Amino acid sequence: MSPFLPAPRPLSPALLLLLLLLTTSTVITGQTLNEPFQSEFNDLTHIPCVSLYTRNGRVGCGTSTRSTQSGRLLHYSATTGPADSYVSVIPGLEFTAETLEAVLTGDKYTTLAGVLVVNVTTTDDGSSGDDSSSSSGGVTIPSPAAAYPRGEDTPESQLTPVSYPWNGAGDSLLYKDVHGTPIVWIPDGEMSRYILSESRRQLSQPDPAISAQFNYYMGPQGETSQRCLEWKDQDEVWRPKCLPLGGNSVWATTRAANGDGDGGDGKEVVMLGTGIDATSMFHDASTGANTAASGIMSLLLAAQIVGELALDGLSKSIGFGFFQGENYGYLGSRRFLKDIAGFECLVSASRRNITGCIYPVRPSLEFQNVAIDSFVAVDQIGVLATDKTAYVHATDDFVSNVMLALGEDDFAVAKSSAEGEDGNTPIPPSPLTSLMSISGNNNEDNGNGNNDDDNNNNIAGAVLTGYDNAFVSNTAYLSHYDRASYISINIDAIVSSAILLARTAVALAYDNGDEDYETAVNYATNLIADNVITSSTEIVTTLYNCLFEDGNCQLITNYTNMERANNYKTTGVDMGSPAALGNPPNYYVSIFDIWNGLPVAQVNGRTYGAYNGTDFDEKRGDGILIKPAALEMFILGWLNDALGKIQNGNNNADTSISCQSTVDCDAITSCRAVCAGQGQCVCSHANYHVAFDEAIEPKLNYTPGYYQISEDDAGITPIYTEPYW
C-alpha cells in the first residue's frame with residue numbers, strides 16, 4: 001500500500017542562487033568569474049546565512065523584500081559607502097559581530113546590499129591565503145556563539161540552570177537579527193581570493209565593476225515562530241510559513257527490547273549521553289568536529305566496548321543517549337527526559353510486535369521502561385586544554401570520585417576549577433543540563449508547583465570535557481571553522497575518553513548503593529583492558545573518517561541502506577534514502593517534517609501528524625512511518641550491532657543468522673530481533689525518540705506539517721523555526 005504522503009516543501013526561488021553581475025567586456029587574465037565578461041548573472045557556489053524565528057523574534061539574515069538586492073563588491077574596510085549600492089566583502093576570520101556592526105552602521109549602511117564572507121586568511125601585509133587548512137596564521141578564530149552558551153542573553157536562557165561564561169571568544173553573532181542584509185559564505189578558496197582582490201581594487205578603481213545580487217527573502221520583519229506557524233493567508237486558509245527545527249534522538253540500553261513498552265528488568269539505568277548536532281552562521285557548514293563529532297565518536301566507541309562485556313554482575317543497566325537539536329533549546333534531551341518522567345499515550349498502536357503511540361506520535365514506548373540512576377555526558381573531547389588530561393564537572397561526589405580514580409598517566413582526569421558566582425560548580429551546557437532543569441534545579445515549574453533550587457545535590461551526574469573552566473581557545477565553537485581540516489582533533493583523546501566512559505558506566509552500574517567508589521573502579525578496570533581499543537584500531541580509523549571527513553562513507557551508507565530496508569519491510573512504505581551526511585559532514589539539525597524525521601500515523605492510506613480516530617487497523621497495514629536522518633539511522637544500527645550481541649541471560653539473538661532486512665530475523669523468539677548494518681540478526685536495543693520543542697505539537701488529525709502551541713506550554717523554550725516564505 002502506498003499512503004498519501006505530502007510533498008516536500010518546495011524551496012523558494014529566493015533560497016537557490018547567489019549571482020554575480022559582470023558589466024564589462026574586458027577580459028582579465030587569471031581566475032575570473034566569467035571569460036569573456038558578459039552583462040549577465042552567473043551562479044556562484046555559496047552557503048547562505050538564513051533566518052530563524054523564535055518565540056520572541058528572529059535571528060539571522062535575509063533580504064528585506066522579495067525584490068533582489070545587488071551592488072558592486074567593496075572591501076569591508078571602506079569608510080563610507082558609494083552613492084550606488086554595494087556588497088561588503090569580509091575575510092572569514094575577520095567576520096565577527098564587531099566587524100559586521102561596523103559595516104551595518106554609519107552612512108554606508110543605507111547603500112549596503114549584502115555581505116560576502118570569503119574563505120581567505122589575510123595577514124598584516126595584506127597578502128591572503130586559503131583558510132581551509134589547519135593553519136590560521138596566528139589569527140584568532142572567532143566564535144559566533146554567546147559567551148554564556150545557551151545561557152544569559154540567549155533564547156535558551158530559561159533552560160540553563162547556571163549561566164557561566166564558558167566561551168570567552170563568543171560574540172553572540174548567531175543571535176543577531178540582520179533582517180534586510182543577506183550574508184553568504186564562499187567556501188572555494190580560489191574564488192574567494194579573487195573576490196577579495198577585486199573588492200580591494202574597487203575601493204579606488206570602480207571600473208570595471210563586479211557586482212553581486214541576492215534574492216534571499218525569508219519573511220517580513222517582526223514575525224515570531226508562533227505567528228508563522230499559525231499563519232493564514234488572505235482567504236483565511238491556514239498555510240504555515242515555517243517549520244520547527246527537530247529530528248530524532250537515538251538511545252539504547254544493555255537490556256534488549258521486548259517491543260511492548262511494558263515491563264523491563266527492574267534495573268535503573270546509568271546513562272551516558274552527548275549532543276549530536278552543531279550549528280553556525282551558515283547552517284550547511286555546521287561541521288561540528290569538536291562540538292558534535294568528538295562526542296558522537298567517543299560514545300559510539302564506548303558502546304562498542306560495553307557490548308563485548310559480560311554484565312551479569314551489575315546492579316544497574318547501562319544506557320546510551322545521542323540527543324538531537326541540543327543547540328536549539330536542548331530539543332532531544334528535554335523531550336526524552338520529560339517523556340520518561342510522565343508521558344501519557346492517548347492512543348496506542350502496534351505493528352510487528354512494536355507498541356507505539358499515534359497520539360501523540362512515538363514510534364516506540366520502550367522509553368517507559370527507563371528509570372535513570374545517574375547521567376554522564378561528554379562534550380568537546382576532541383581538543384584538550386591540557387595534554388593527556390580531561391576534566392570532570394560533577395554534581396555528585398560519588399560520580400566525581402569514580403571518574404577521578406579512573407584517570408591514568410596516559411589520560412588523566414582532573415576536577416574542573418570552574419566556579420560560579422554562588423560558589424557552586426557550574427555544569428557546562430549538555431544533556432545533563434536538561435536533567436538538572438527538569439528535575440527542578442531551575443526557575444521552571446517541576447510539576448508540583450514548586451521551583452526547587454536545592455535539587456542539584458540529588459542529581460548524580462557529570463560532564464566529561466576537554467576543557468577546564470573555559471572552552472579551549474581557537475576551537476571555533478559553533479563556527480563553520482569547527483572542522484577537522486582546520487582545528488587539530490586529538491583522536492587519542494577521543495579513544496581514551498571512550499574507554500574512560502565505558503569504565504565509568506560499569507563502575508556506576510556495579511555500585512549497589514553503598515558508594516564504595518574504590519571497589520567499583522577496581523571492578524571496571526579489571527573488566528575493561530587498557531588497550532581494548534587504540535587510535536590505530538581499524539574501526540576507530542574508519543569511524544573517524546566517517547564522522548570528521550567524509551559523511552558519505554561506505555560504513556554510514558551500509559547502515560542507512562539497512563535501516564531503510566528495515567523500515568520498508570516493517571511498514572510496507574519505502575520512504576527513500578535520507579540526505580547524506582556530507583563531505584565534510586554537516587551536523588545541522590534540520591527542519592522537522594515527514595521527510596526529515598517527523599514520525600507520522602499511517603491510517604488507511606493517509607498520514608497524520610497525530611491521530612485519535614477509530615479507523616486505525618494493524619491488519620490493514622496501518623502503522624507509524626518515520627524517515628530519520630542518515631546520522632540517526634547510522635547511530636541506531638551501530639548501537640544494535642554493538643549491544644545486540646551481549647551475553648545477557650536469554651536475550652541472545654543467534655548472530656550467525658545472516659539477513660537483508662528485519663523480516664529475515666522473525667524466527668528468533670528470544671528477543672525482538674532486527675537486522676543490523678553488518679547483515680546479521682541481533683537483539684534490538686536501540687530506539688528513536690522525537691526531538692522538537694516541547695512547546696509545540698503536531699495538529700491532531702491533520703496532514704503532517706501543521707503545528708500548534710501546546711496547552712501546557714510553560715513559555716520557557718525558544719521555539720526555533722525555519723521560514724519558507
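Given the structure is predicted, the values throughout are model-derived calculations rather than measurements. What you see below is based on every heavy atom in this structure, not just the backbone, and it leaves out hydrogens, waters and symmetry mates.
- When all heavy atoms of Ala462 and Val392 are compared, the pair lying nearest together is CB-CG2, 3.8 Å.
- Between the side chain of Asp482 and the backbone N or O of Ala289, at least one donor-acceptor pair lies under 3.5 Å.
- Remark: of the listed residues Leu314, Asn522, Val521, Leu314 is the sole one forming a side-chain contact (heavy atoms from CB on, under 4.5 Å) with Tyr510.
- You'll find the side chain of Glu326 reaches within 4.5 Å of the side chain of Arg150, heavy atoms only.
- Counting all heavy atoms, side chain and backbone alike, Val402 lies closest to Ala507 at CG1-CB, 3.8 Å.
- Between Asp693 and Thr717, the side chains place a donor N or O and an acceptor N or O closer than 3.5 Å (distance only, hydrogens not considered).
- The aromatic ring centroids of Trp166 and Tyr467 lie less than 6.0 Å from each other.
- Not a single donor-acceptor pair under 3.5 Å links the side chain of Ser157 to the backbone N or O of Asp153.
- Between Phe322 and Ile296, the shortest heavy-atom distance links the atoms CE2-O, 3.8 Å.
- Judged purely by atom type and a 3.5 angstrom limit, Asn531 has no side-chain atom pairing as donor or acceptor with the backbone of Ile533.
- For Asp277 and Asn327, the side-chain atoms include at least one donor-acceptor pair closer than 3.5 Å.
- Ring geometry for Phe634 against Tyr559 counts as perpendicular: the plane angle is over 60°, on a 0 to 90° scale with 30° as the lower cut.
- Within the 4.5 Å cutoff, the side chain of Val370 has heavy atoms near those of the Trp251 side chain.
- Taking CE of Met403 as the start and CZ of Phe398 as the end, the distance is 12.0 Å to the nearest 0.5 Å.
- Contact check for Met297 versus Val540: side-chain heavy atoms found under the 4.5 Å cut-off.
- Looking at Trp638, its side chain does come within 3.5 Å of a backbone N or O of Leu300 through a donor-acceptor pair.
- In this structure a side-chain-to-backbone donor-acceptor pair under 3.5 Å is missing from Ser439 to Met436.
- Formation of a donor-acceptor pair under 3.5 Å by the Ser535 side chain with backbone atoms of Asp492 is not found in this model.
- Of the N and O atoms on the side chains of Tyr391 and Thr386, at least one donor lies less than 3.5 Å from an acceptor on the other residue.
- Distance OG1/Thr96 to CD1/Ile141: 14.0 Å, rounded to 0.5 Å.
- Of the inter-residue distances, the one linking Thr560 atom OG1 with Leu555 atom CG reads 9.5 Å to the nearest 0.5 angstrom.
- The only member of Ile438, Val269, Leu435, Ile372 that meets side-chain contact (heavy atoms from CB on, under 4.5 Å) when paired with Ile340 is Ile372.
- Between Ile494 and Asn490, every side-chain heavy-atom pair lies at or beyond the 4.5 Å cut-off.
- Ring geometry, Phe323 versus Phe336: the interplanar angle falls from 30° to 60°, so the pair is classed tilted.
- The residues Glu408 and Arg503 are annotated as salt-bridged, a charged nitrogen and a carboxylate oxygen being separated by less than 4.0 angstrom.
- Checking side-chain atoms of Asn687 against main-chain N and O of Ser364 turns up no donor-acceptor pair under 3.5 Å.
- In summary, the side chains of Tyr720 and Glu156 do present a donor paired with an acceptor at a separation below 3.5 Å, with no hydrogens or angles considered.
- Between Asp379 and Ser430, the side chains place no donor N or O within less than 3.5 Å of an acceptor N or O (distance only, hydrogens not considered).
- Proximity of Leu384 to Thr389: side-chain heavy atoms (C-beta onward) are nowhere separated by under 4.5 Å.
- No donor-acceptor contact under 3.5 angstrom links the side chains of Ser315 and Asn512, judged on distance only.
- Closest approach of Tyr328 and Pro718 over heavy atoms only: O-CG, 3.8 Å.
- Between the side chain of Ser163 and the main chain of Glu152, a donor-acceptor pair closer than 3.5 Å is present.
- In this structure, Ile489 CD1 and Asn290 CG are separated by 5.0 Å, a value rounded to the nearest 0.5 Å.
- Between Leu337 and Pro431, the closest heavy-atom pair is CD1-O, 4.1 Å.
- Side-chain atoms of Lys316 do not come within 3.5 Å of backbone N or O of Ser374 as any donor-acceptor pair.
- For Thr557 (side chain) and Cys553 (main-chain N/O), a donor-acceptor pair under 3.5 Å exists by modelled atom type.
- Counted by atom type alone, Thr537 and Thr534 present one or more donor-acceptor pairs between their side chains at under 3.5 Å.
- The heavy-atom pair separating Ser298 from Leu501 by the smallest distance is OG-CD1, 3.3 Å.
- No hydrogens or angles considered: nothing links the side chains of Ser280 and Tyr481 as a donor-acceptor pair under 3.5 Å.
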